[in-house]
There are 2 protein chains.
Amino acid sequence: MPRPRAAERGSGKERDAVSEFTTERLSVYLRCLTILETAGVKTISSSRLAERFHLNSAQIRKDLACFGELGVRGVGYQVGALRRHLTTTLGLDRLRRMVIFGAGNLGLALSDYPGFNSDGFVVTAVFDSDPAKHGLASRGGIPILPNAELPRVLDAGEVDLGVIAVPAAAAQSVYDTLADAGIRAILNFAPVQLHQRPGVRTRSVDLRINLESLSFSLANNE
Amino acid sequence: MPRPRAAERGSGKERDAVSEFTTERLSVYLRCLTILETAGVKTISSSRLAERFHLNSAQIRKDLACFGELGVRGVGYQVGALRRHLTTTLGLDRLRRMVIFGAGNLGLALSDYPGFNSDGFVVTAVFDSDPAKHGLASRGGIPILPNAELPRVLDAGEVDLGVIAVPAAAAQSVYDTLADAGIRAILNFAPVQLHQRPGVRTRSVDLRINLESLSFSLANNE
DNA sequence: GCATGTGAATGGATTCACAGCT
DNA sequence: AGCTGTGAATCCATTCACATGC
């Protein structure tokens, strides 16, 4: 097993063995470039980008070099062009529709979370097994539907991404439902080691582990 | 810089150079042991633990060996004793009080999130800069206070952990406020590279990067 | 001259495989 | 015989340092 880690990494192969660490940093670079473009900066070198945003210049160059010769030697990178390139590379030039399972505190918060409803992402529905919630909606107006409605939502339009925000005990079953429905990318918030399916890209965010890790530091940092 | 990563790692030294990857896995092991103990299992070997929860047996042994000879050769580990040991090691045998900055969707959801209000953790207050929210409370009853009330809350009782759930633009300022107030552990949800203080253990969870990383996989997987 | 792209060096996490204990 | 604890081997991400190109 290659680096399973607590926040486990997904299955499925990238096109050219671009590491997950690299792809995560691409998101960071994209954000930095957006800030620079807004500020009117046209060109930037890896070293000044590194300096400005507390990154490492060699790493920036190596990460970007995975996708061709994006810079100009002696000059640096064109901010606008590079931003557009990263946007395409990350697949953010098209709309990613998401469904969330679990209309609890976390699920509803994520439904309305700006980062989940902007720049290429949109939450289309929240599913919950509790009949008392059906027909209701999040504060932002995302409808809460019965789990059984998933096929209908899938028929009505492409869904690219599933989010699991149900209690640990229900997570595997929701995962399987999503996988069976043909969803190829899943973000899991339940604190369980999911038994993953091949062909389904899965990432887990374990909020509790972050707390416990901080607690460990407090307990052991002298 | 040693592995800053998108979800950046904090500052401050562990007692015996126990890696952050190891401490994250300790949380996982603790969960597994709790399940086993509830199921009445008294003893377990690293290989059966690995099998049962999709882990690696050598890694389990190596991780646990950081904290002394916890197992018995030829037998395995005592479930109950090991669970208690990990609980203490992770500092979960005492109560960790937390304050959350940002009473938006995310901040309020986290305030009531079971994982943030059980087994050693409790959210004592939510702070927000919007006067319209002061005096209100989360659904679960955590009061929303003005930022200026932080010193009073600190005087009233120990606060071990701060959570940043404000928009990106306000995150650094909240971070500095928490650091100035003497809080030594911070969990940040804002999508920014924080300028960190020495002596303050910081972890960042970047929800947006998880989405973008999944989007990348969808765009580049075959 | 200056900054990229990259082979080589480094550092560290994971896995292997076995010595040592029960 | 079985399982832990661990040195050795492996793998991989990061960093260095420089040849290459504008």
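Order of the sequence lines sets the chain letters (A, B, ...), proteins ahead of strands, with each chain counted from 1. Predicted model only: the values in this text are computed from it and were never measured.
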Write down the distance between [atom1] ([X]) and [atom2] ([N]), rounded to a whole number of angstrom.
X       : N      : atom1 : atom2 : answer
B/Arg48 : D/dT4  : CZ    : P     : 10 Å
B/Ile60 : D/dT6  : CD1   : C1'   : 16 Å
B/Glu51 : D/dC3  : CD    : C1'   : 14 Å
A/Glu20 : D/dT14 : CD    : P     : 12 Å
A/Leu49 : C/dC2  : CG    : P     : 19 Å
A/Lys62 : C/dA9  : NZ    : P     : 13 Å
A/Phe21 : D/dC12 : CZ    : P     : 12 Å
B/Leu55 : C/dT14 : CG    : P     : 12 Å

Worksheet item: With sequence neighbours excluded, what pairs up with A/Tyr113 under the ring-ring contact (aromatic ring centres under 6.0 Å, His included) test?
Response: A/Phe116
Practice prompt. Output all residues satisfying ring-ring contact (aromatic ring centres under 6.0 Å, His included) with A/Phe101, sequence neighbours left out; order by chain, then residue number.
Written response: A/Phe127
Fill in: Pairing residues for B/Thr43 by the side-chain hydrogen bond (donor to acceptor under 3.5 Å, both in side chains) criterion, not counting sequence neighbours
B/Gln78
Worksheet item: Counting just side-chain N and O atoms, does B/Tyr77 come under 4.0 Å of either OP1 or OP2 of D/dG5?
Response: yes
Item to complete: Answer yes when A/Arg94 and A/Asp160 have at least one side-chain N-carboxylate O distance shorter than 4.0 Å, and no when they do not.
Response: no
Worksheet item: What one-letter contact string describes nucleotides 17-22 of chain C from 5' to 3', where B marks a base within less than 4.0 Å of any protein heavy atom, S marks contact via sugar-phosphate atoms alone, and - marks no contact?
Response: B--BBS
Worksheet item: When we call it a touch if two heavy atoms are under 4.0 Å apart, what does A/Leu70 touch: a base, just sugar-phosphate, or nothing?
Response: sugar-phosphate
Practice prompt. Answer with base, sugar-phosphate or nothing: what part of the nucleic acid does A/Ser46 contact at a heavy-atom distance below 4.0 Å?
Written response: sugar-phosphate
Practice prompt. Scan B/Val163, B/Ile183, B/Val123 and name whichever one has a side-chain contact (heavy atoms from CB on, under 4.5 Å) with B/Val99.
Written response: B/Ile183
Response to the item:
Taking for B/Thr22 and for A/Ser45 the nucleotide of DNA chain C with the nearest heavy atom, the one nearer the 5' end belongs to A/Ser45
Item to complete: Would you mind telling me which residue lines up with the more 5' stretch of DNA chain C, A/Leu64 or B/Asp63, judged by nearest nucleotide?
Response: A/Leu64
Sequence neighbours excluded and cut-off under 3.5 Å, please list the side-chain donor-acceptor pairs for residues 33-40 of chain B, or say none.
unit_1	atom_1	unit_2	atom_2	d
B/Thr34	OG1	B/Leu30	O	2.9
B/Glu37	OE1	B/Arg83	NE	2.4
B/Glu37	OE1	B/Arg83	NH2	3.4
B/Thr38	OG1	B/Thr34	O	2.8

Show the atom names and distances, to 0.1 Å, of all donor-acceptor pairs under 3.5 Å that link a side chain in residues 46-53 of chain A to residues at least two apart or in another chain.
unit_1	atom_1	unit_2	atom_2	d
A/Ser46	OG	A/Arg61	NH1	2.9
A/Ser47	OG	A/Ser45	OG	3.2

